[in-house]
Amino acid sequence: MRRKLKITELSPGGYASCCYLLQKGDTAVLIDCTVNAEVLKSTLSRTHASLAAILLTHGHFDHMLTLAEVKRATGAPILLGEGDKDFPADGEKNAHSVFFGGDACYPTPDRLLSNGDVLTFGDISLRVMNTPGHTPGSTVLLSDGVAFTGDTIFAAGYGRYDLFGGDGGALRHSLSSLSALPPSTVIYPGHGKPTTLGEALSKLF
């Protein structure tokens, strides 16, 4: 029997950044990391699951606020788009210093992701789609008719491109490339509520 992907939003936490726990059977992965480690451990315990990986849609601080504590608590590897490989350790690149003036360093990724990578964790399969623009290494993660879009596209808009590494032309191209996906694809963005890709794109083009 083919298991259905279970998606649980564990936040928004700080800065209203969404954090999603994906689960099939006893395997789970986390997409972006703003959840309190104890809350995560309790959730995993109730569902008898272990965390196989922490996937970051991009390298901005508001999507990895609890990365260090979750990494310590679970030992799960951190995966991030190759273009953002230096973001966690650099306060200017991860935008923390832009807003708060101080530096903030987060754990470095254990693995870098490239466009077209297929990630398999137990029965969970995710395909990596590189969508530069918001950041150079922004990625959309695709699985079972759903897409976790980070800050590339929201229910009613798209991510800013005036921070380090942002590129408006690249973002427009990335948004256009998303139109090749089925419009019924349900998107789970980095901020705000889920919607269908067709509905989100209709507000942009």
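Source: prediction; values computed, not measured.
- Using modelled atom types, no side-chain atom of D90 and backbone atom of F87 make a donor-acceptor pair closer than 3.5 Å.
- In terms of heavy-atom proximity, I78 sits nearest to T108 at CD1-O, 4.0 Å.
- Not a single donor-acceptor pair under 3.5 Å links the side chain of S45 to the backbone N or O of K41.
- Nearest heavy-atom pair, G122 versus T27, reported as atom, atom and distance to 0.1 Å: CA-OG1, 4.0 Å.
- Under the 4.5 Å side-chain criterion, counting only non-hydrogen atoms from C-beta, I153 is in contact with I187.
- Of the inter-residue distances, the one linking I7 atom CD1 with I31 atom CD1 reads 8.0 Å to the nearest 0.5 angstrom.
- Grouping the Ile, Leu, Val, Met, Phe, Trp and Tyr side chains by contacts below 4.5 angstrom, directly or via other members, places L30 apart from Y20.
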From CA spacing to verdict: side-chain contact (heavy atoms from CB on, under 4.5 Å), T139, N115: CA-CA 8 Å; T139 60; N115 188 56; over 6 Å; no
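- Note: I54 CD1 to R111 CZ = 14.5 Å, rounded to the nearest 0.5 Å.
- Atom CD of residue E69 and atom CG of residue L40 lie 9.5 Å apart, to the nearest 0.5 angstrom.
- Counting only distance, with no hydrogens or angles, the side chain of H134 and the backbone of R160 share a donor-acceptor pair below 3.5 Å.
- One distance of note links NE2 of H191 with CG of D32; it measures 8.5 Å at 0.5 Å rounding.
- Each of D151, N94, T57, D84 was evaluated against T135; a single residue qualifies, D84, per the side chain to side chain contact (heavy atoms under 4.5 Å, CB included) test.
- Classification of the F99-F61 ring pair by plane angle, with boundaries at 30° and 60°, yields tilted.
- With hydrogens and angles disregarded, no donor-acceptor distance shorter than 3.5 Å links the side chain of E82 to the backbone of L113.
- Under the 4.5 Å side-chain criterion, counting only non-hydrogen atoms from C-beta, L141 is in contact with V128.
- In this structure the side chain of C18 reaches within 4.5 angstrom of the side chain of E9, judged on heavy atoms.
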side-chain contact (heavy atoms from CB on, under 4.5 Å) between L44 and L51, worked out: CA-CA 8 Å; L44 292 170; L51 192 68; 4.0 Å; yes
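- Taking every heavy atom of both residues into account, Y161 and L171 meet most closely at CD2-CD2, 3.8 Å.
- The two residues A76 and A52 make their nearest non-hydrogen contact at CB-C, 4.2 Å.
- Linking ILVMFWY side-chain heavy atoms closer than 4.5 Å, directly or via other members, places L21 and L67 in a single hydrophobic cluster.
- At least one donor-acceptor pair under 3.5 Å links the side chain of T47 to the backbone N or O of T43.
- Residues L65 and F100 share a hydrophobic cluster, clusters being chains of Ile/Leu/Val/Met/Phe/Trp/Tyr side chains in contact below 4.5 Å.
- Scanning all heavy atoms of the two residues, the minimum distance from V186 to P194 falls at CG1-CB, 4.4 Å.
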Verdict with supporting geometry, K193 and F154, side-chain contact (heavy atoms from CB on, under 4.5 Å): CA-CA 8 Å; K193 298 297 183 183; F154 310 124; over 6 Å; no
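- Nearest heavy-atom pair, A95 versus H60, reported as atom, atom and distance to 0.1 Å: CB-CD2, 4.0 Å.
- Put simply, the side chain of S97 gets close to the backbone of G91: a donor and an acceptor are under 3.5 Å apart.
- With T196 contributing its side chain and S184 its backbone, the two residues share no donor-acceptor pair below 3.5 Å.
- The 12-atom threshold is exceeded at NZ of K203, counting heavy atoms of other residues, nucleotides or ligands nearer than 6.0 Å.
- Side-chain contact of R172 with S176: a donor-acceptor pair under 3.5 Å is absent, judged by distance alone.
- Counting only distance, with no hydrogens or angles, the side chain of D167 and the backbone of G133 share no donor-acceptor pair below 3.5 Å.
- T185 places no side-chain N or O within 3.5 Å of a backbone atom of V146 that could act as its donor or acceptor partner.
- Taking the six-membered ring where tryptophan is involved, the planes of F148 and Y188 are essentially parallel, since the angle between them stays under 30° and well short of 60°.
- Between the side chains of S17 and D62, a donor-acceptor pair is found at a separation under 3.5 Å.
- Counting only distance, with no hydrogens or angles, the side chain of T149 and the backbone of T152 share no donor-acceptor pair below 3.5 Å.
- Contact check for L56 versus M64: side-chain heavy atoms found under the 4.5 Å cut-off.
- P132 is listed as a side-chain neighbour of S174, based on a closest heavy-atom distance under 4.5 Å.
- The cluster map of Ile, Leu, Val, Met, Phe, Trp and Tyr, joined by side-chain heavy atoms under 4.5 Å apart, puts L119 and M129 in different clusters.
- One distance of note links CG of L126 with CG of L5; it measures 7.5 Å at 0.5 Å rounding.
- With salt bridges taken as basic N to acidic carboxylate O contacts below 4.0 Å, one links D144 and K24.
- Of the inter-residue distances, the one linking H63 atom NE2 with L55 atom CG reads 14.5 Å to the nearest 0.5 angstrom.
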Worked check of side-chain contact (heavy atoms from CB on, under 4.5 Å) between Y158 and L175: CA-CA 9 Å; Y158 49 84; L175 292 170; 4.1 Å; yes
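- Cluster annotation: V35 is connected to Y106 through the hydrophobic network of ILVMFWY side chains, with a link wherever side-chain heavy atoms come within less than 4.5 Å.
- Comment: K4 does not engage D123 in a salt bridge, judged by the lack of any side-chain N to carboxylate O separation of less than 4.0 angstrom.
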